Each structure stands twice: as C-alpha cells, then as structure tokens.
Amino acid sequence: MDYASILQEIQQESNGFPTKGNVTLTIPELAKVSPNKFGIHLTTIEGGDFGIGDSNEKFSIQSISKALTVALAFSFLDEKIWERVGVEPSGTAFNSLVQLEHEKGIPRNPFINAGAIVIADMLVSCLKNPKDDFLAYIRLISGSPTIEYNLDVAQSEKDTRFRNAALANFLKSFGNIENDVDVVLDFYFHQCSIEMTCNELAHSFYFFANEGKTKEGKQILTQSQVKRLNALMQTCGFYDESGEFTYKVGLPGKSGIGGGIVALFPKVFVVATWSPKLNMKGNSELGMHALELLTNKTGMSIF
Ligand code: GLN
C-alpha cells in the first residue's frame with residue numbers, strides 16, 4: 001500500500017473542503033490556536049511512518065487522553081472498572097449532565113466527561129504521584145520522553161471549570177468519586193492538557209493496534225483488554241457522533257476538542273489527524289473527512 005501517495009492525495013483533496021466550524025471556545029487558551037492547521041501521521045505496525053502537513057506540531061490532545069487514562073486504569077483494576085462506569089454509547093454531548101441523574105451517578109461510558117472524571121478518580125486512588133506517574137506512562141507508551149502537560153491550558157480549563165465541576169460534584173453526591181473533587185478535577189484538567197504531535201499520538205496508540213504491545217515491545221494490556229477498549233472507542237469514541245464516524249470511517253478512534261483524532265486498524269496501522277475547526281458535536285470536521293478519504297482510498301476499514 002502506497003500510504004505516502006495516499007496521504008498526499010488526501011491533503012490535496014482536503015484543501016477545498018468547506019469547513020463551517022470553528023476552534024473550540026470552551027477553553028480560552030485553546031481559542032488562540034490557528035484554525036487552519038492540518039496534519040496527518042500514519043504509522044504501520046510493520047514500522048512505516050508517513051506524515052503530511054503540520055504532523056510534527058504539538059497540539060492539545062484533550063479528550064483523546066481519556067482512552068489512555070482508561071487503559072492505565074484497566075491495567076490496575078481490570079473488569080472492576082465497569083462497576084463504576086458503563087460501556088454503552090451515550091447519545092448525548094460529551095459534557096452533558098442529563099443522563100447522570102437517571103442513571104444514579106454511573107456514567108454511560110469512560111469517554112464522556114462524567115465517565116472520564118470517574119476514571120481520573122480511580123487513577124488518583126491507584127497512583128502514588130498521579131500527575132507524574134501518568135505522564136511517565138504516556139512517555140513510556142509513546143516512546144517519546146519529551147511529552148509534557150501544557151500548564152496554561154490546564155489552568156485555563158480550571159478557570160472555566162463550571163460544567164466539569166458540576167459533573168464531579170454530582171458524581172460525588174452519588175458516592176462515585178472517592179477522592180477530593182478538586183484533586184480529581186486537577187488531575188483531569190492536566191490529562192486533557194497533554195500536548196502531542198500527530199506523530200507522537202499515532203505512536204501512543206500503537207499498542208491498541210498491536211495486541212497490547214508498544215512499538216518497543218512492552219506489553220501494556222492483554223490482547224483481550226485491548227479488544228475491549230477498541231470496541232469502546234468504536235461505539236463511544238465520538239460521543240453523539242460515534243455512529244456517524246463508524247458509518248463514514250469504519251475504524252475505532254477517539255477525538256478531542258483540540259481538533260485531534262486518532263484511529264486505528266488492528267494489526268495494520270494507527271493514524272492521527274489534527275485540524276482545530278470543530279463541528280457541532282465537538283469533533284474535527286476536516287479530520288473526520290480526511291479519515292473517511294483514507295478508508296475509502298485504502299479500502300481498509302474493519303467492516
Ligand atoms: N477538557 C475538555 C472538557 O473537559 C475535553 C473535552 C473534549 O475534548 N471533548 O471539556
């Protein structure tokens with residue numbers, strides 16, 4: 001497969017794509033990002049690396065981090081996780097409060113904010129130095145020792161935390177947060193503030209496509225655990241647009257309001273895209289389009 005030419009074609013065809021959305025406005029620090037950035041990096045399990053555009057520029061991974069926190073929590077707690085978070089698509093916005101009341105404080109899945117905050121609480125309980133240890137984990141799985149939190153972004157999200165604070169307090173009222181709410185939110189805002197390039201992001205998710213093993217050969221999760229998390233990314237990775245992403249792209253993946261998307265074809269490749277303009281559901285417009293072109297052109301979707 002000639003991935004280099006295919007990515008070039010995608011770049012050319014994406015130039016004229018009519019985007020209607022804008023960069024996220026919910027985190028003031030992220031509203032400063034240039035809307036026209038666009039990069040893709042594809043890494044194959046066999047060891048090929050292909051990048052185009054702004055694929056080596058750092059951006060805020062935001063909710064993409066939720067797939068990595070759940071992977072780490074899964075390695076500590078295995079199936080016990082699902083006593084406190086569900087595995088069903090929510091059909092609601094990523095930061096919605098409405099379902100929580102009906103479902104008595106058990107979030108539908110770990111990728112909506114409520115679920116990710118419960119996972120953050122689990123990690124705060126499991127890790128000795130939660131922020132340091134999580135960063136060390138990210139550096140290990142990505143093979144990139146320079147990945148950092150962006151403290152300005154974390155602070156900016158803290159300054160405008162009202163909805164996430166509402167979710168965390170609501171969860172606490174149901175007994176589904178063990179630790180101090182402010183400590184859990186601080187961890188959550190930091191995980192979301194991690195910056196990566198498309199290249200680093202694709203490598204971070206390599207183990208999801210490689211039966212649980214990183215590129216360097218470290219077994220992070222079992223094959224069966226990775227199968228389960230990939231299934232969750234497929235059904236819940238794009239909030240109330242997960243069906244649409246599955247329909248158009250046909251790969252498990254995860255998005256973030258920084259404009260990043262990572263998707264993978266098990267045993268074949270991991271691909272990361274970055275374009276900051278978001279659609280109404282908070283997913284990158286151009287990123288989704290580029291991935292649709294990729295699976296159409298390569299014929300490689302899991303379906
Ligand atoms: N940090 C963001 C929030 O909590 C993450 C949302 C996202 O990327 N979808 O609102």
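The model shown is predicted, which means the values in this text are computed figures rather than measured ones. Read the numbers this way: they start at 1 and go in the same order the structure lists the ligands and their atoms.
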ring-ring contact (aromatic ring centres under 6.0 Å, His included) partners for Phe207, two or more places apart: none
Ligand 1 atoms nearer than 4.0 angstrom to some heavy atom of Glu157 are 1 (N), 2 (C), 3 (C), 4 (O), 10 (O)
Starting from atom 4 (O) of ligand 1, find the nearest protein heavy-atom neighbour and note its residue, name and distance. Tyr188 OH, 2.7 Å
Is Val262 close to Phe208 at the side-chain level, that is, under 4.5 Å between some pair of heavy atoms? no
Relative to ligand 1, is Phe189 under 4.0 angstrom through side chain, backbone, both or neither, heavy atoms considered? neither
Report, as yes or no, whether the 6.0 Å neighbourhood of atom NZ on Lys158 holds more than 12 heavy atoms from other residues, nucleotides or ligands. no
Can you tell which of Ala154, Ser63, Gly260 gets a heavy atom nearest to atom 5 (C) of ligand 1? Ser63
Quick note on ligand 1: atoms under 4.0 Å from a heavy atom of Gly256 include exactly 8 (O)
Heavy-atom check, side chain of Phe59 versus side chain of Leu201, under 4.5 Å: yes
Mode of Arg163 contact toward ligand 1 - side chain, backbone, both, neither (heavy atoms, under 4.0 Å): neither
Side chain or backbone, does Ile27 bring an N or O within less than 3.5 Å of an N or O on ligand 1? no
At a non-hydrogen distance cut-off of under 4.0 Å, which region of Asn113 contacts ligand 1 (side chain, backbone, both, or neither)? side chain
State whether a side-chain donor-acceptor pair under 3.5 Å links Asn179 with Asp121. yes
Counting only heavy atoms not in Lys213 (residues, nucleotides, ligands), do more than 12 fall under 6.0 Å from its NZ? no
Can you find an N/O atom of Tyr239 closer than 3.5 Å to an N/O atom of ligand 1? yes
Check: Asn113/Tyr188 side-chain N/O donor and acceptor closer than 3.5 Å: yes
Which of the atoms in ligand 1, numbered in the order shown and given with their element, are less than 4.0 Å from a heavy-atom of Cys192? 1 (N)
Closer than 4.0 Å to some heavy atom of Gln62 - which atoms of ligand 1 meet that? 1 (N), 2 (C), 5 (C), 8 (O)
Taking only non-hydrogen atoms of Asn164 and a 4.0 Å limit, the atoms of ligand 1 in range are 3 (C), 4 (O), 10 (O)
Just wondering, are more than 12 heavy atoms of other shown residues or ligands nearer than 6.0 Å to CE in Met1? yes
